[in-house]
Amino acid sequence: MPPKIRQLIAELEEAGFVNRGGKGSHRNFVHPQCRKPVPISGKPGDDGKHYQVRAVRLALEELKIR
């Protein structure tokens, strides 16, 4: 079962990412030490798509490396 959107958002916020807003159901999370923003779309109760889960994992790993 894929993680929910709310779980992905919680992981990003725990790592220090900030929601800089977006249009509609889209949110862009940014971190000063991460090169690219992490876009997340959908309602909090929706299942995360495979590309959203991958984007979150890569962003969190980029922070660990630095």
Side-chain angles (χ1 to χ4, degrees):
M1 194 77 171
K4 299 289 184 185
I5 297 292
R6 75 171 60 88
Q7 292 170 323
L8 296 176
I9 291 172
E11 288 179 24
L12 288 171
E13 289 176 342
E14 283 179 27
F17 282 80
V18 178
N19 182 2
R20 76 165 188 205
K23 192 171 186 179
S25 66
H26 290 73
R27 302 163 203 84
N28 293 300
F29 288 88
V30 294
H31 192 281
Q33 296 177 351
C34 193
R35 286 180 274 167
K36 295 182 180 180
V38 180
I40 301 289
S41 63
K43 297 177 185 174
D46 292 345
D47 289 337
K49 306 286 186 200
H50 66 90
Y51 57 86
Q52 293 171 321
V53 174
R54 190 170 130 227
V56 170
R57 301 290 179 248
L58 288 173
L60 295 176
E61 284 187 25
E62 184 179 338
L63 288 181
K64 289 180 185 177
I65 292 172
R66 292 180 177 216

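Only heavy atoms go into these numbers, but all of them, side chains included; no hydrogens, no water, no symmetry mates. Values in this document were obtained by computation on a predicted structure and should not be read as measured data.
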Which atom pairs, donor and acceptor, lie under 3.5 Å between side-chain atoms of residues 13-21 and protein residues at least two apart or in another chain?
{"residue": "Asn19", "atom": "OD1", "partner": "Gly21", "partner atom": "N", "Å": "2.8"}

Sorted by chain and number, sequence neighbours left out, side chain to side chain contact (heavy atoms under 4.5 Å, CB included) with Lys36 holds for none

Look at the side-chain heavy atoms of Ile, Leu, Val, Met, Phe, Trp and Tyr, link any pair under 4.5 Å apart, and say whether Leu63 and Leu58 land in one connected group.
no

By side-chain hydrogen bond (donor to acceptor under 3.5 Å, both in side chains), Ser25 pairs with (sequence neighbours left out) none

So CD of Glu62 and CD of Gln33: to nearest 0.5 Å the spacing works out to 9.5 Å

Inset, instruction - Identify whether Ile40 and Val30 are in the same connected component of the hydrophobic contact network (ILVMFWY, side-chain heavy atoms under 4.5 Å). - result: no

If you look only at distance, which donor and acceptor atoms sit under 3.5 Å apart when one is on a side chain in residues 2-12 and the other is two or more places apart or in another chain?
{"residue": "Lys4", "atom": "NZ", "partner": "Gly45", "partner atom": "O", "Å": "3.3"}
{"residue": "Lys4", "atom": "NZ", "partner": "Asp47", "partner atom": "OD1", "Å": "2.9"}
{"residue": "Gln7", "atom": "OE1", "partner": "Lys4", "partner atom": "N", "Å": "2.7"}
{"residue": "Glu11", "atom": "OE1", "partner": "Arg57", "partner atom": "NH1", "Å": "2.5"}

For side chain to side chain contact (heavy atoms under 4.5 Å, CB included), just list the numbers for Ser41 and Gln52, CA-CA rounded to whole Å, side-chain angles, deciding distance to a tenth of an Å, and then say yes or no. CA-CA 8 Å; Ser41 63; Gln52 293 171 321; 3.3 Å; yes

